[in-house]
Amino acid sequence: MKVLVIGGGAREHALCRSLSLDPDVSALYCAPGNAGIAEVAELRPVDALDGEAVARLATELEAGLVVVGPEAPLVAGVADAVRAAGIPVFGPSAEAARLEGSKAFAKDVMAGAGVPTARSYVCATPEEVDEALDAFGAPYVVKDDGLAAGKGVVVTDDRAAAREHALACDRVVIEEFLDGPEVSLFAITDGVTVLPLQPAQDFKRALDGDEGPNTGGMGAYSPLPWADPKLVDEVMASVLQPTVDELRRRGTPFSGLLYAGLAITSRGVRVIEFNARFGDPETQVVLARLRTPLASVLLNAANATLDAEPPLSWREDAAVTVVIASHNYPETPRTGDPIEGLAEVAAEDAPHAYVLHAGTRRDGDAVVSAGGRVLSVTATGSDLAQARERAYKAVGRIRLAGSQHRTDIAAKAAAGR
């Protein structure tokens with residue numbers, strides 16, 4: 001089977017890495033890709049937001065499966081264009097992708113499905129913003145209603161900062177603060193059958209100790225030794241299956257990857273947000289632990305035959321990912337800096353640790369930074385402590401001027417807390 005992956009971040013690199021190891025994949029392409037993905041897939045240029053261009057490329061390549069990675073192409077309807085060309089595609093329609101594209105739409109779906117989530121207000125005027133902030137009090141949770149690359153959420157005790165963020169957006173969702181640890185759970189679905197993956201935890205704040213601004217994610221780990229063993233079953237029953245059923249009932253079936261961001265609160269599991277695609281950086285650790293070949297699972301989801309898929313098989317290993325970000329991320333990141341040490345990681349740390357590229361590009365013989373989150377260093381081990389040790393050993397080999405990374409990814413969990 002020939003597979004075309006759309007996107008060019010660490011998530012797509014993780015997907016391409018898994019697909020490249022699948023014996024059912026005869027040819028692997030990525031568009032537009034990045035410097036690291038080029039090592040496992042053939043890169044092709046394309047405007048990832050142009051559905052017709054993606055469909056033409058898939059037709060030209062005779063792709064048997066197209067995997068749309070990022071959220072923006074999904075919301076723009078790229079999966080719809082590929083389906084219209086008669087090619088199986090893993091990714092929801094533009095209408096179903098509104099589950100991520102609009103926080104207000106997601107809240108409406110959750111209300112219809114009876115899914116537990118935070119109480120909230122949708123606000124479009126300063127008066128509505130003030131009323132909502134007063135109703136909930138601190139800590140204030142303000143979410144841009146639209147796509148914001150993981151950086152559209154402000155959680156703060158500072159009312160003025162919360163109000164400033166709200167007024168800078170066209171429309172916002174203001175909701176009650178949810179206490180307790182956060183968990184990410186992915187599920188692959190064909191619109192009827194739902195197949196859950198293993199849970200992970202990511203780290204959104206830029207700095208150690210969960211300080212600093214929200215980012216797209218600075219690291220992740222899996223499994224979660226502190227989580228209730230029944231967590232996946234509970235989320236399947238109360239969140240994932242009801243959401244998929246509700247979207248189908250509305251005539252907008254969701255086929256692809258449904259990501260539930262969860263808070264394990266003192267009152268039980270609550271949904272923080274939905275995404276309509278594999279989350280970054282959680283994808284890196286979840287796929288590192290997946291033993292089942294990936295291509296047939298994604299194809300069965302695309303072809304509405306997921307009920308024929310046997311239960312997924314998982315490695316016992318733990319996995320940890322540490323994100324290396326460029327200078328001044330998440331504000332205005334500096335780009336164009338050379339990256340050194342990649343060959344050292346490949347020579348000294350493989351196969352237990354490896355580098356997944358996000359914001360990189362080739363500049364002659366050099367690999368240079370080309371975005372905010374530049375690399376994800378992923379490692380596996382017999383437990384979180386070993387995986388974490390291997391990840392940070394590999395991180396230490398990478399040299400990128402002005403770069404930053406958190407030093408506490410998975411530290412508490414590895415220590416049994």
K.L.:
Does any non-hydrogen side-chain atom of F90 lie less than 4.5 Å from one of L257?
P.N.:
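Yes. Closest side-chain heavy atoms under 4.5 Å.
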K.L.:
For the residue pair Q386 and S382, confirm or rule out a side-chain donor-acceptor distance under 3.5 Å.
P.N.:
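Yes, S382 and Q386 have a side-chain donor paired with an acceptor closer than 3.5 Å.
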K.L.:
Under a 3.5 Å cutoff, is there a donor and acceptor pairing between the side chains of K204 and T215?
P.N.:
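No.
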K.L.:
Using 0.5 Å steps for rounding, measure from the CG atom of L195 to the CG atom of L240.
P.N.:
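The distance works out to 11.0 Å.
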K.L.:
Ring of F105, cation from R98 - is the NZ or CZ under 6.0 Å from the centre and inside 45° of the axis?
P.N.:
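Yes, R98 sits over the ring of F105.
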K.L.:
Show the numbers, then the answer: is there a side chain to side chain donor-acceptor pair (under 3.5 Å) between S184 and E282?
P.N.:
CA-CA 7 Å; S184 300; E282 299 97 319; 2.6 Å; yes
K.L.:
To the nearest 0.5 angstrom, please state how far the SG atom of C16 sits from the CG atom of L21.
P.N.:
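Reported value, rounded in 0.5 Å steps: 11.0 Å.
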K.L.:
Do other residues, nucleotides or ligands put more than 12 heavy atoms under 6.0 Å from the CG atom of D170?
P.N.:
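12 or below, so no.
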K.L.:
Hydrogens and angles aside, do D190 and T305 bring a side-chain donor and acceptor to less than 3.5 Å of each other?
P.N.:
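Judged by distance alone, the side chains do not pair up.
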K.L.:
How about CD on E344, more than 12 heavy atoms from neighbouring residues, nucleotides or ligands closer than 6.0 Å, or not?
P.N.:
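More than 12 heavy atoms, drawn from other residues, nucleotides or ligands, come within 6.0 Å of this atom.
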K.L.:
Can the ring centroids of F186 and F278 be said to lie less than 6.0 angstrom from one another?
P.N.:
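Ring-ring flag for F186/F278: true, centres closer than 6.0 Å.
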K.L.:
Flag yes if more than 12 heavy atoms outside E316 fall under 6.0 Å of its CD atom; otherwise flag no.
P.N.:
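Open: at most 12 neighbouring heavy atoms sit under 6.0 Å from CD of E316.
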K.L.:
Has the side chain of R362 got a donor or acceptor atom that lies under 3.5 Å from a matching backbone atom of D365?
P.N.:
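Flag set: sc R362 to bb D365 pair under 3.5 Å.
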K.L.:
Which is it for L65 and L298 under the side-chain contact (heavy atoms from CB on, under 4.5 Å) test, yes or no, and what are the steps along the way?
P.N.:
CA-CA 8 Å; L65 174 66; L298 303 187; 4.0 Å; yes
K.L.:
Would you verify whether the NZ or CZ of R248 falls within 45 degrees of the ring axis of F254 while also being under 6.0 Å from that six-membered ring's centre?
P.N.:
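Here R248 fails the 6.0 Å and 45° test against F254.
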K.L.:
Got R11 and R277 here, is their nearest side-chain heavy-atom distance under 4.5 Å?
P.N.:
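R11 reaches R277 side chain to side chain.
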K.L.:
Would you say T321 and S376 are linked by a side-chain donor-acceptor pair, where the criterion is simply a distance under 3.5 Å?
P.N.:
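Side-chain D/A pair, S376 to T321: absent.
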K.L.:
Between Y121 and F136, is the ring centroid distance below 6.0 Å?
P.N.:
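Yes, the ring centres sit under 6.0 Å apart.
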K.L.:
Heavy atoms, side chains only, cut-off 4.5 Å: are I272 and K143 in contact?
P.N.:
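They are in contact (side-chain heavy atoms under 4.5 Å apart), so the answer is yes.
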K.L.:
With side chains defined as the heavy atoms from C-beta onward, is the minimum distance between S296 and E309 less than 4.5 Å?
P.N.:
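In short, these two side chains touch, coming nearer than 4.5 Å.
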K.L.:
Any chance you could lay out the salt bridge (Lys or Arg N to Asp or Glu O under 4.0 Å) test for E176 and R267, step after step, and finish with the verdict?
P.N.:
CA-CA 13 Å; E176 66 176 330; R267 295 173 292 154; 3.6 Å; yes
K.L.:
Do S222 and Q198 meet the criterion of a side-chain donor-acceptor pair at a distance under 3.5 Å?
P.N.:
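Side-chain D/A pair, S222 to Q198: absent.
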K.L.:
Give a yes or no on whether the backbone of T265 and the side-chain of R270 come within a donor-acceptor separation of less than 3.5 Å.
P.N.:
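Between the backbone of T265 and the side chain of R270 there is no qualifying donor-acceptor contact (under 3.5 Å).
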K.L.:
Going through the checks in order, is the side chain to side chain donor-acceptor pair (under 3.5 Å) test met by D307 and T193?
P.N.:
CA-CA 6 Å; D307 59 343; T193 301; 5.2 Å; no
K.L.:
With a 3.5 Å distance limit and no angle check, can you tell me whether D408 reaches the backbone of A411 through a side-chain donor-acceptor pair?
P.N.:
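A pair under 3.5 Å: no.
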K.L.:
Return yes if some donor-acceptor pair links the side-chain N/O of S20 with the main-chain N/O of R17 below 3.5 Å, else return no.
P.N.:
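Yes: the side chain of S20 pairs with the backbone of R17.
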K.L.:
Quick check against the 3.5 Å criterion: does T292 have a side-chain atom that pairs as donor or acceptor with the backbone of S313?
P.N.:
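Yes; judged by distance alone, with no hydrogens or angles, the pair exists.
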